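Here is the structure we will look at.
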Amino acid sequence: MPKLKISDEERKNRTLIAIIQSGKTMEDISVQKLARLTGISQSTLYQRLSEPEDMRIGELRDILRVLKITESEKERIGREVI
């Protein structure tokens with residue numbers, strides 16, 4: 001059976017999740033700690049990570065701030081994900 005090409009939306013979601021996961025690893029932050037530091041409830045954060053298209057811009061800003069994502073990486077997110 002041939003592989004199906006992923007949609008543009010799915011590619012964007014995967015890119016965003018990869019950036020967040022990488023930031024969590026680099027900063028050694030668990031989802032629980034990320035939730036606490038961003039003020040986003042843990043259940044909401046899990047939902048946003050499983051369905052990133054529902055993430056609000058303010059939540060994304062808070063996550064990127066806590067994970068210390070660089071300005072160049074933020075620009076990449078703006079170009080490739082949003």
Side-chain angles (χ1 to χ4, degrees):
M1 183 176 255
K3 289 187 178 181
L4 298 176
K5 182 180 176 187
I6 64 170
S7 69
D8 190 46
E9 187 72 21
E10 181 63 22
R11 182 191 56 76
K12 289 177 181 182
N13 288 345
R14 289 180 184 186
T15 300
L16 181 58
I17 293 305
I19 291 167
I20 291 171
Q21 295 296 358
S22 174
K24 283 175 45 206
T25 300
M26 296 293 289
E27 293 298 318
D28 194 28
I29 293 179
S30 66
V31 172
Q32 295 82 5
K33 187 174 181 180
L34 183 60
R36 187 169 36 83
L37 293 173
T38 59
I40 301 169
S41 75
Q42 197 171 326
S43 61
T44 299
L45 186 56
Y46 275 115
Q47 180 185 7
R48 298 300 193 249
L49 294 175
S50 68
E51 299 175 25
E53 63 273 5
D54 293 338
M55 193 174 298
R56 296 180 178 155
I57 194 72
E59 293 168 336
L60 181 57
R61 283 186 189 125
D62 290 340
I63 291 168
L64 298 179
R65 176 185 47 78
V66 168
L67 297 179
K68 300 177 183 164
I69 302 296
T70 65
E71 288 301 316
S72 62
E73 194 69 11
K74 289 177 188 176
E75 290 172 8
R76 177 177 163 231
I77 293 168
R79 283 191 311 275
E80 295 181 15
V81 177
I82 298 176

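Worth saying up front: this structure is predicted, and the values here are computed from it rather than measured. Starting from 1, each residue takes its place in the sequence as its number.
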Test salt bridge (Lys or Arg N to Asp or Glu O under 4.0 Å) on Glu73 and Arg76 and set out the steps.
-> CA-CA 5 Å; Glu73 194 69 11; Arg76 177 177 163 231; 2.7 Å; yes
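The shortest non-hydrogen separation linking Ala35 to Ser41 is CB-C, 4.2 Å. For the residue pair Leu45 and Ile40, the shortest heavy atom distance occurs at N-CG2, 3.8 Å. When all heavy atoms of Val81 and Lys12 are compared, the closest pair comes out as O-CD, 3.4 Å. The minimum heavy-atom distance between Arg65 and Leu37, with the atom names listed, is NH2-O, 4.1 Å.
Taking CE of Met55 as the start and CD1 of Ile63 as the end, the distance is 4.0 Å to the nearest 0.5 Å. Atoms CG and OG1, on Leu49 and Thr44 in that order, are 10.5 Å from each other to the nearest 0.5 Å. To the nearest 0.5 Å, the span separating CD1 on Ile77 from CD1 on Ile69 amounts to 6.0 Å.
Within the 4.5 Å cutoff, no side-chain heavy atoms of Ile17 are placed close to those of Arg14.
A single hydrophobic cluster is not seen to contain both Met26 and Val66; linkage of ILVMFWY side chains at heavy-atom distances under 4.5 Å, directly or through other members, places them apart. Under a hydrophobic-cluster definition in which Ile, Leu, Val, Met, Phe, Trp and Tyr are linked whenever side-chain heavy atoms come within less than 4.5 Å, directly or via other members, Tyr46 and Leu64 are assigned to the same cluster. Under the 4.5 Å side-chain heavy-atom criterion for Ile, Leu, Val, Met, Phe, Trp and Tyr, Leu67 and Val31 are members of the same hydrophobic cluster.
Remark: Glu71 engages Lys74 in a salt bridge, criterion side-chain N to carboxylate O under 4.0 Å.
Put simply, the side chain of Glu59 gets close to the backbone of Arg56: a donor and an acceptor are under 3.5 Å apart. Of the possible donor and acceptor atoms, none in the side chain of Ser22 sits under 3.5 Å from a partner among the backbone N and O of Ala18.
Between the side chains of Gln32 and Ser30, a donor-acceptor pair is found at a separation under 3.5 Å.
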